[in-house]
Amino acid sequence: MPHAKRILLIEDHDDTRMVMTLLLQGAGFDVAAYGRCKPAEVHLVACDINIAVLDVRMPERCGDDFGKELRTRCPQTMIVFITGEAEIEPLKTAVPDCFVLRKPVQVNTLLKLLDCFHSDTGDASPMDDTVGDQAGPGAM
């Protein structure tokens, strides 16, 4: 059996982070979960994750800023933003080839999206169409 896909989860709400971690682990993912971006910055250097699931608005450094740096340093990492914001096009434009899910996140939609990642092609491999009208690729 191949190695589990490594997911970086950054979510500042403890209860949401804990539930998402358990759900992702239950689906077979290896999850590194953080409440802030700062302690997760080691992954920017190591590029040791396959998928990043990032909350957008957080205290200190925001997930969109972290995602921009991650896209530059680790271009094969699939980036999925989670946000409650109404306007998502600027986010998709700022971080090419990202995906955006609006809160509240539908677990089945998230798992379907994450299942599309293939390590040999990175972020280019996820589906071209929207997933349940909730996630779609950003501009190339």
Side-chain angles (χ1 to χ4, degrees):
M1 183 173 174
H3 293 292
K5 296 173 192 170
R6 289 208 68 209
I7 292 185
L8 170 64
L9 171 63
I10 305 177
E11 166 61 59
D12 62 321
H13 292 101
D14 295 338
D15 54 346
T16 302
R17 184 176 61 256
M18 187 170 43
V19 168
M20 287 185 72
T21 298
L22 292 173
L23 288 169
L24 293 169
Q25 287 173 336
F29 295 99
D30 178 13
V31 182
Y34 300 90
R36 299 282 188 273
C37 291
K38 186 69 174 168
E41 288 175 356
V42 298
H43 300 287
L44 293 172
V45 176
C47 287
D48 60 349
I49 54 168
N50 304 112
I51 301 166
V53 178
L54 309 172
D55 187 10
V56 175
R57 295 292 162 241
M58 295 182 285
E60 301 165 12
R61 185 176 190 184
C62 290
D64 55 342
D65 180 58
F66 187 93
K68 287 179 197 175
E69 186 174 351
L70 182 62
R71 171 59 66 233
T72 300
R73 290 180 178 234
C74 310
Q76 292 299 307
T77 300
M78 178 182 183
I79 299 174
V80 179
F81 289 110
I82 297 176
T83 185
E85 295 182 13
E87 190 62 37
I88 61 172
E89 288 308 315
L91 184 59
K92 289 182 176 184
T93 301
V95 182
D97 304 319
C98 74
F99 289 80
V100 180
L101 292 175
R102 285 198 173 99
K103 292 180 180 179
V105 173
Q106 299 295 314
V107 174
N108 290 339
T109 302
L110 175 62
L111 293 177
K112 185 176 178 182
L113 178 63
L114 298 182
D115 193 46
C116 293
F117 177 85
H118 299 286
S119 61
D120 57 339
T121 56
D123 65 307
S125 64
M127 48 191 103
D128 295 326
D129 298 325
T130 60
V131 180
D133 291 328
Q134 291 196 29
M140 297 292 264

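Since the model is a prediction, treat every value here as computed from it, not as a measurement.
Across Cys62 and Cys37, no two heavy atoms sit closer than the pair O-SG, 4.0 Å. For the residue pair Gly67 and Ile79, the shortest heavy atom distance occurs at O-CD1, 3.5 Å. When all heavy atoms of Thr72 and Pro75 are compared, the closest pair comes out as O-CD, 4.0 Å. A pairwise comparison of heavy atoms in Tyr34 and Ala40 identifies CD1-CB, 3.6 Å as the closest pair.
Counting only heavy atoms from C-beta outward, the side chains of Lys92 and Phe81 never approach each other to under 4.5 Å. For the pair Lys103/Thr16, no side-chain contact is recorded, criterion being any heavy-atom separation below 4.5 Å from C-beta on. Looking at heavy atoms from C-beta onward, Ile82 lies in side-chain contact with Val53 at the 4.5 angstrom threshold. Looking at Asp115 and Lys5, their side chains come closer than 4.5 Å, going by heavy atoms from C-beta outward. Two residues are said to be in side-chain contact when any heavy atoms from C-beta on lie closer than 4.5 Å; Thr77 and His43 fail this criterion. Between Asp55 and Arg17 there is no side-chain heavy-atom pair separated by less than 4.5 Å.
Between Lys68 atom NZ and Arg73 atom CZ the span is 15.0 Å, to the nearest 0.5 Å. Taking CZ from Arg6 and CG from Asn50, the interatomic distance works out to 8.0 Å, rounded to the nearest 0.5 Å. The line from CG of Leu9 to CG of Leu54 is 8.5 Å long, rounded to the nearest 0.5 Å. In this structure, Asp64 CG and Arg71 CZ are separated by 13.5 Å, a value rounded to the nearest 0.5 Å. We find the CG-SG distance between Leu70 and Cys98 to be 11.0 Å, quoted to the nearest 0.5 Å. Distance check: Phe99 CZ to Leu114 CG gives 10.0 Å after rounding to the nearest 0.5 Å.
Take Glu85 and apply the side-chain contact (heavy atoms from CB on, under 4.5 Å) test, not counting sequence neighbours, and it matches Val56, Arg57, Thr83. Residues satisfying the side chain to side chain donor-acceptor pair (under 3.5 Å) test with Asp15, not counting sequence neighbours, are none.
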Run Cys74 and Cys47 through disulfide bond (SG atoms under 2.5 Å apart) and show every step you take. CA-CA 6 Å; Cys74 310; Cys47 287; 2.0 Å; yes
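Both Leu101 and Val19 are part of a single hydrophobic cluster, where members link through side-chain heavy atoms under 4.5 Å apart. By the criterion of side-chain heavy atoms lying less than 4.5 angstrom apart, applied directly or through intervening Ile, Leu, Val, Met, Phe, Trp or Tyr residues, Met78 is grouped together with Val107 in one hydrophobic cluster.
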For a quick test of your reading: what N or O donor-acceptor pairs under 3.5 Å do the side chains of residues 22-29 make, sequence neighbours left out?
none

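The 12-atom threshold is not exceeded at NZ of Lys38, counting heavy atoms of other residues, nucleotides or ligands nearer than 6.0 Å.
Proximity of a side-chain donor or acceptor of Gln106 to a complementary backbone N or O of Asn108 within less than 3.5 Å is not detected.
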